[in-house]
2 protein chains.
Amino acid sequence: MKARDETKIGQIFAATLQLVVEMGIAGITMRQIAKKARLATGTLYIYFRDKDDLIHQLYEDCRNASINAYFKGYDPDLPFKEGFRIIWINILHFRIENFDAAVFMEQSYHSPFISESSKEMSRDLLRPLFKLMERGKEAKVVKELDTVLLLMFMVGSTNDVIKYIKYHQRKLTDDIIQQAFTLCWDGLKR
Amino acid sequence: MKARDETKIGQIFAATLQLVVEMGIAGITMRQIAKKARLATGTLYIYFRDKDDLIHQLYEDCRNASINAYFKGYDPDLPFKEGFRIIWINILHFRIENFDAAVFMEQSYHSPFISESSKEMSRDLLRPLFKLMERGKEAKVVKELDTVLLLMFMVGSTNDVIKYIKYHQRKLTDDIIQQAFTLCWDGLKR
DNA sequence: TCGATAAATGAACAAAAGTTCATTTAGTTT
DNA sequence: AAACTAAATGAACTTTTGTTCATTTATCGA
């Protein structure tokens, strides 16, 4: 018998993400996804129960991929600032290289597709970052403010760079990374 | 003859914004908008050519309202930091009090509704902020980096506070405003 | 090589959403 | 107060989109 082609899921995901960046989550249809993935519309229903299921699985996929990427190369034994820099740059790189996924996840947050529980899970996955920031506070190198506020500021500052690069046609040079990191760091540090 | 009730446009806009926050721009239908605004669906077509027109006009309305609010009480003769603080807090307040509008504008950016030219116009409306930041650089109080990057960082830092407040059920106290402003200011200052 | 089985297809069907329009309602004018 | 006109209505119509299914195609095991 014929085996299922598991690479197709990747094709479908990639096509969907591209469409979301082009049209927003409002504009995507099953037909368009199929067309962009070079498949028949019916084929989508072999791999996904329905549109809802497709979007959901894509969301989970994006979330997991990003969390994995964030902590790559991080060693809790490094001095705080070094560890912090590694993670900050990981986040930045991942979200620029997976810009489509980043836009999709942002759009998903306010959408009928993603449930409250999925959002809850996303928050849970910020927990390792939470610990990192607490460490910075204990070591007296980071301001004594609410950890969540500090985290929002940290993650948000990568957002700003991404918008800067993508919407103003700038190149992501080491210089810019360094500059943007300094903006964030000087804000957080005591 | 019967006069057009111009307050209805406000009703329709408010209903649409509420729906966007609840369902995302993906989930809104003309029927739902009408229902939430306590109107018949047909009435929407008296005030707007079609759905596209409705979304467009709402976008313009939100954009204009925000730009107006940003510079309220700003006086170019004030010392830079004072002027900067006024505008930063204006942005923050406006976007929290008009959270629906802020979500809508963010979602609109990647959507089939908003054209390239509308986005271009939005960028133009950042121009006054651009001048402000250049002033800060000339006065040697702000870091010598690309003005657009600095602006993204400034506006983005209000974003972070908004997410903090709205998604983590915090109250917007003067304390938090002060803390968040310091995060941003310490990042930017030389 | 052949038969079996599931993937793949896309036209057809069903459901949902956008839009229209004949009719009713409510101000305005004379 | 009556005539007039445009707003308001919501059921009906049209278009778009999600989903199914009979048919074809490709792969695997015997």
Side-chain angles (χ1 to χ4, degrees), chain A residues 1-61 104 107-108 110-115, chain B residues 1-61 104 107-108 110-115:
Chain A
M1 66 169 178
K2 192 171 175 183
R4 193 182 279 205
D5 177 2
E6 293 298 335
T7 69
K8 280 212 173 56
I9 290 183
Q11 275 176 56
I12 294 170
F13 280 171
T16 308
L17 289 179
Q18 272 179 54
L19 281 171
V20 170
V21 170
E22 285 167 29
M23 326 273 292
I25 212 171
I28 54 173
T29 70
M30 294 301 264
R31 250 173 269 272
Q32 281 176 299
I33 294 172
K35 194 177 174 191
K36 190 148 232 164
R38 296 168 171 282
L39 298 171
T41 45
T43 310
L44 297 178
Y45 290 85
I46 291 168
Y47 294 90
F48 303 96
R49 196 168 29 327
D50 52 25
K51 187 180 180 182
D52 218 75
D53 184 45
L54 192 161
I55 304 286
H56 256 94
Q57 290 198 218
L58 177 53
Y59 184 80
E60 299 292 296
D61 189 68
F104 169 71
Q107 291 241 341
S108 297
H110 295 274
S111 92
F113 298 111
I114 303 307
S115 67
Chain B
M1 64 168 178
K2 194 174 174 183
R4 193 182 279 205
D5 176 3
E6 293 299 335
T7 70
K8 281 213 171 55
I9 290 183
Q11 275 177 57
I12 295 169
F13 281 171
T16 308
L17 289 179
Q18 273 180 53
L19 281 171
V20 170
V21 170
E22 285 166 30
M23 324 273 295
I25 212 171
I28 55 171
T29 70
M30 294 301 266
R31 249 173 271 270
Q32 282 178 298
I33 294 171
K35 194 177 172 191
K36 190 148 232 162
R38 296 167 171 279
L39 298 171
T41 44
T43 310
L44 298 178
Y45 290 85
I46 292 169
Y47 294 89
F48 302 98
R49 198 165 35 315
D50 51 24
K51 187 180 181 183
D52 217 77
D53 183 44
L54 192 162
I55 302 287
H56 256 94
Q57 288 197 222
L58 177 52
Y59 184 81
E60 299 291 296
D61 189 67
F104 169 71
Q107 290 241 342
S108 297
H110 295 273
S111 90
F113 299 110
I114 305 306
S115 67

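This structure is a prediction, so every number in the text was calculated from the model and none was measured. Each chain gets a letter, A, B and so on, in the order its sequence line appears, and its residues count up from 1.
Taking the nucleotide of DNA chain C with the nearest heavy atom to each of B:Ile28 and A:Thr43, the more 5' of the two is matched to A:Thr43. If you find the closest nucleotide of DNA chain D to B:Ala40 and to A:Thr29, the one lying nearer the 5' end belongs to B:Ala40. Closest-nucleotide positions on DNA chain D for A:Arg49 and A:Gly27 were compared, and the one nearer the 5' end corresponds to A:Gly27.
Of the candidates C:dA11, C:dA6, C:dT28, C:dA11 carries the atom nearest the A:Thr41 side chain, counting heavy atoms from C-beta on.
In this entry the distance linking CD1 of B:Ile33 with C1' of C:dT19 reads 13 Å, nearest Å. In this structure, the NZ atom of A:Lys8 is 12 Å from the C1' atom of C:dA6, given to the nearest Å. For A:Ile12 and C:dA7, the CD1 to P distance is 13 Å, given to the nearest whole Å. At whole-Å resolution of the value, CD1 in B:Ile55 and P in C:dG18 are 9 Å apart. Atom-to-atom, CG of B:Asp53 to P of C:dT19 comes out at 10 Å; the value is rounded to the nearest Å. Distance CG (B:Asp52) to P (C:dA17): 17 Å, rounded to an integer number of Å. With rounding to whole Å, B:Phe48 atom CZ is found 20 Å from C:dA17 atom P.
Protein chain A contacts DNA chain D from D:dT17 to D:dC28, reading 5' to 3' and using non-hydrogen atoms of the protein with a distance under 4.0 Å.
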Item checked: Worked verdict on A:Ile55 versus A:Phe48 for side-chain contact (heavy atoms from CB on, under 4.5 Å) -> CA-CA 9 Å; A:Ile55 304 286; A:Phe48 303 96; over 6 Å; no
Margin query: Walk me through whether A:Lys51 and A:Ile33 qualify under side-chain contact (heavy atoms from CB on, under 4.5 Å).
Written below: CA-CA 10 Å; A:Lys51 187 180 180 182; A:Ile33 294 172; 5.7 Å; no
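Looking at B:Tyr47, its side chain does come within 3.5 Å of a backbone N or O of B:Asp5 through a donor-acceptor pair. The backbone N or O of A:His110 lies less than 3.5 Å from a partner atom in the side chain of B:Gln107, making a donor-acceptor pair.
Across all strands, A:Leu39 comes closer than 4.0 Å only to sugar-phosphate atoms, never to a base (heavy-atom distances). In this structure, A:Tyr47 reaches the sugar-phosphate backbone alone: every heavy-atom distance under 4.0 Å involves primed, P, OP1 or OP2 atoms, never a base. Residue contacts shown for A:Arg31 include a base, since a base heavy atom lies under 4.0 Å away.
Summary for the helix from C:dT1-D:dA30 to C:dT30-D:dA1: the axes at its two ends, each from 5 pairs, differ by 20° when rounded to the nearest 10 degrees.
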